[in-house]
Amino acid sequence: FDAKQGRYVDMPITDLLQMMGRAGRPQFDDTAVAVLLVEESKKNFLRKFLYEPFPVESALPAHLVEHLNAEIAAGSVTSMQEGIDYLAATYLYRRAQVNPDLYGVPYDTDEGSSGEGRANIVGETVSSTAMRNFMSRLLLDATQKLAEWQCVTISENGTVVGTELGKICSFYYLFPSSTLQLYQLAQTYRTSGAYETVFLAMCQCEEFEGLPVRHNEDNINAEVAATLPWGLHGLGTGSSFGKAFLLLQAQMQSHYVWESLDYRTDTRTAMDHAPRLLSALLEISAHAENVTLIQDVLHLLACLQRRVWPTNPSAGALPHLKLRKVPAASKETSIMDVLAPTALLAMQPHAIQRYVEESPVIAATNLPKFMSWAVHYAQTQLQVHIRRNDKSCELMVSLEGPGATFGLAQSQQTLTAWWVVVQAIGPTPQFVCLRRLSSRHSAKIALPSTLPAATPLQVRVTSDLWIDVWYEQTVSL
């Protein structure tokens, strides 16, 4: 069943060969028999490709836009001529000359010949002029699409330059259309805590288009939507985007367990895309100077990885802590009384332990291990200083201490990623920059020359794994 086409399709030849290769028992049988039952009209086709080498064709035309964007972002292609040189070194160039009909390359016969019946002439080749025209057309179409998606700019003299969106798209291996869609969200997002809006935009990106919706799964999706807080939000039950929206909602519900093995597999597929899209959205939000969206995306990234609903108390997602089942009558009041993680971890160790033991909302699954984690957090310091020279001013940021390498207590041992958000403090806070700490937990940030002298800067280093956990410091230029 092909979810994209919404119908059943023939099984690929490669799958048939794979299954036939498993016939027989290697330790016991010298020979094996595979029986293939097909309708009469397909017999000759299958007989040909089961016993003859299957031609390998280039898949580049279908993905040329993404590949070209990566080359432009890296500076390898800056003009149409360099683009043609790039294509001339690909497998597509070789196969298009051998099998021009498949790729739509026009034949270019010598002057004076009629060209009639050329498709059947054995040994006829494609001229260099026809190939150049074919590649020029491919490049022109691809660059125009990239320009529409704001990933490149094309000057009047034909020079092609990658934009910031194009570089983000290339770095995170996104479809260019998805990058523009996320940028449009960053330009309009203003309400803090509108997590549903962020999720809805992310789940409608092209990355989720291939998520399969199998036979009768539209009915399952409708049932699941009724049990999740955000439902389908207008997305169809038979839509790949709607299914992704449901799978990622369920991922943030720690009690939600899929009975279907297919849905578990699809959740892993969705989780391959979601953190990458949200990380890209962080940098796109920085490009749009939208601090509100940056903070909400960091919150969502941590919620996805910790399997915590965004509006639940963040302290319950700290390592070795969990949320208690609060009675419905007192739930709203109790949840409002829970301290934020940063406030909780700022207390003295004995006060933290007493708070956890007496809290009606959070409970420790392993109090000694949590206390050890809290001590490591307290022992970690944010170091910030400014380094000046004649031409520039740099902000040096580093995390020093055992908490810089906080990892999950579970088996996957995922390391925390730390993001630095710098704002200029004033009547209206001004966004300065966003950076990701290196593997050495440090960053060197070039400050813009437009910042006035003595401007106070708020430097916050936030985790994208532990919800609402950060270190903060203020320095002046």
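Nothing here was measured: the structure is a model prediction, and the numbers come from that model.
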Checklist entry - Who are the side chain to side chain donor-acceptor pair (under 3.5 Å) partners of Asn219, not counting sequence neighbours? => result none
Item to check | side chain to side chain contact (heavy atoms under 4.5 Å, CB included) between Ser463 and Trp418, worked out | outcome: CA-CA 5 Å; Ser463 167; Trp418 297 97; 3.6 Å; yes
Next on the checklist: Using every non-hydrogen atom in the two residues, find where Leu465 and Arg306 come nearest and quote the distance to one decimal.
Outcome noted: O-CG, 3.1 Å
Checklist entry - Roughly how far, to the nearest 0.5 Å, is the CG atom of Leu277 from the CG atom of Leu174? => result 5.5 Å
Next on the checklist: Once side chain to side chain donor-acceptor pair (under 3.5 Å) is applied, do any residues pair with Arg94, and if so which ones, sequence neighbours excluded?
Outcome noted: none
Next on the checklist: Show the nearest heavy-atom pair for residues Val213 and Gly238, with the distance to one decimal.
Outcome noted: CG2-O, 3.7 Å
Checklist entry - Going by atom types alone, do Tyr189 and Ser285 pair a side-chain donor with an acceptor below 3.5 Å? => result no
Checklist entry - Do Ser170 side-chain atoms and Lys167 backbone N/O form a donor-acceptor pair below 3.5 Å? => result no
Checklist entry - Quick one: CE on Met131 to CG on Leu92, what's the gap to the nearest 0.5 Å? => result 6.5 Å
Checklist entry - Yes or no on side chain to side chain contact (heavy atoms under 4.5 Å, CB included) for Tyr172 and Ser279, after CA distance, side-chain angles and deciding distance? => result CA-CA 8 Å; Tyr172 287 101; Ser279 296; 3.6 Å; yes
Checklist entry - For His320, does its backbone N or O pair with a side-chain atom of Thr365 as donor and acceptor, under 3.5 Å? => result yes
Next on the checklist: With heavy-atom distances below 4.5 Å as the criterion, would you say the side chains of Arg214 and Asp266 are in contact?
Outcome noted: yes
Checklist outcome for this item: Sequence neighbours excluded, the answer for side chain to side chain donor-acceptor pair (under 3.5 Å) partners of Gln18 is none
Checklist entry - Is there side-chain contact between Leu185 and Ile284, with at least one heavy-atom pair below 4.5 Å? => result no
Item to check | Distance-only side-chain donor-acceptor flag, Asp262 / Ser260, under 3.5 Å | outcome: no
Next on the checklist: I'd like to know if the side chain of Glu82 pairs up with that of Tyr86 as donor and acceptor (distance under 3.5 Å, no hydrogens or angles considered).
Outcome noted: no
Checklist entry - CG/Leu211 to CZ/Phe241 distance, rounded to the nearest 0.5 angstrom? => result 10.0 Å
Next on the checklist: Looking at Pro212, is its backbone amide N or carbonyl O close enough to the side chain of Ser240 to form a donor-acceptor pair, meaning the two atoms are under 3.5 Å apart?
Outcome noted: no
Checklist entry - Quick one: are the ring centres of Tyr471 and Tyr377 less than 6.0 Å apart? => result yes
Item to check | Any donor-acceptor pair under 3.5 Å from Asn69 side chain to Gly166 backbone | outcome: yes
Item to check | Gap separating the CE atom of Met202 from the NE2 atom of His273, nearest 0.5 angstrom | outcome: 11.0 Å
Checklist entry - Are Lys243 and Tyr263 in a cation-pi setup, meaning NZ or CZ lies under 6.0 angstrom from the ring centre and within 45 degrees of the ring axis? => result yes
Checklist entry - Regarding Gln249 and Tyr256, is there a side-chain donor-to-acceptor distance under 3.5 Å anywhere? => result no
Checklist entry - Is the backbone of Tyr93 close enough, under 3.5 Å, to the side chain of Gln97 for a donor and an acceptor to pair up by distance? => result yes
Item to check | Check: Leu278 and Val198 side chains under 4.5 Å, non-hydrogen atoms | outcome: yes
Checklist entry - Looking at side-chain heavy atoms only, is the closest gap between Leu298 and Trp470 below 4.5 Å? => result no
Next on the checklist: Pairing donors with acceptors under 3.5 angstrom, does anything connect the side chains of Asn221 and Glu217?
Outcome noted: no
Item to check | Where Arg190 and Asn290 come nearest, the two heavy atoms and their spacing | outcome: NH1-ND2, 3.3 Å
Next on the checklist: Please determine whether side chain to side chain contact (heavy atoms under 4.5 Å, CB included) holds for the pair Leu235 and Leu246, giving the CA-CA distance in whole Å, both sets of side-chain angles, and the decisive distance to 0.1 Å.
Outcome noted: CA-CA 10 Å; Leu235 300 174; Leu246 297 177; over 6 Å; no
Next on the checklist: A quick test of your reading: do over 12 heavy atoms of other residues, nucleotides or ligands sit less than 6.0 Å from CZ of Arg264?
Outcome noted: yes
Checklist entry - What residues form a side chain to side chain donor-acceptor pair (under 3.5 Å) with Thr14, not counting sequence neighbours? => result none
Next on the checklist: Counting C-beta onward and ignoring hydrogens, is there a side-chain heavy-atom pair between Thr191 and Thr197 closer than 4.5 Å?
Outcome noted: no
Item to check | Closest non-hydrogen atom pair between Gly193 and Asp296, with its separation | outcome: N-OD2, 2.7 Å
Checklist entry - Parallel, tilted or perpendicular: which describes the rings of Trp230 and Phe199, with under 30° parallel and over 60° perpendicular? => result perpendicular
Checklist entry - Do the ring planes of Tyr195 and His299 sit parallel (below 30°), tilted (30 to 60°) or perpendicular (above 60°)? => result parallel
Checklist entry - Do Leu323 and Val361 touch side chain to side chain, with heavy atoms closer than 4.5 Å? => result yes
Checklist entry - In Å, rounded to the nearest 0.5 Å, how long is the span from CD1 of Ile220 to CH2 of Trp258? => result 9.0 Å
Next on the checklist: For the CH2 atom of Trp309 and the CG atom of Leu228, what is their distance to the nearest 0.5 Å?
Outcome noted: 7.0 Å
Checklist entry - With no hydrogens and no angle check, is any side-chain donor or acceptor of Arg307 less than 3.5 Å from a backbone partner on Met252? => result no
Checklist entry - Does OH belonging to Tyr91 count more than 12 external heavy atoms closer than 6.0 Å? => result yes
Checklist outcome for this item: Correct closest heavy-atom pair for Thr380 and Gly401 would be OG1-C, 3.7 Å
Checklist outcome for this item: Residue pairs passing the side-chain hydrogen bond (donor to acceptor under 3.5 Å, both in side chains) test with at least one member in residues 135-149, sequence neighbours excluded, are none
Checklist entry - Is Thr129 close to Asn133 at the side-chain level, that is, under 4.5 Å between some pair of heavy atoms? => result yes
Checklist entry - With distance as the sole criterion, is a donor-acceptor pair present between the side chains of Gln81 and Ser79 under 3.5 Å? => result no
Item to check | CA sep, side-chain torsions, deciding dist, call: Asn44, Lys48, side chain to side chain contact (heavy atoms under 4.5 Å, CB included) | outcome: CA-CA 6 Å; Asn44 291 332; Lys48 174 180 174 62; over 6 Å; no
Checklist entry - Which residues satisfy the side chain to side chain contact (heavy atoms under 4.5 Å, CB included) test with Ala302, sequence neighbours excluded? => result Ile467
Checklist entry - Taking C-beta and beyond as the side chain, do Pro176 and Glu66 meet within less than 4.5 Å on heavy atoms? => result yes
Item to check | Distance-minimising heavy-atom pair for Ser178 and Glu207 | outcome: OG-OE1, 2.6 Å
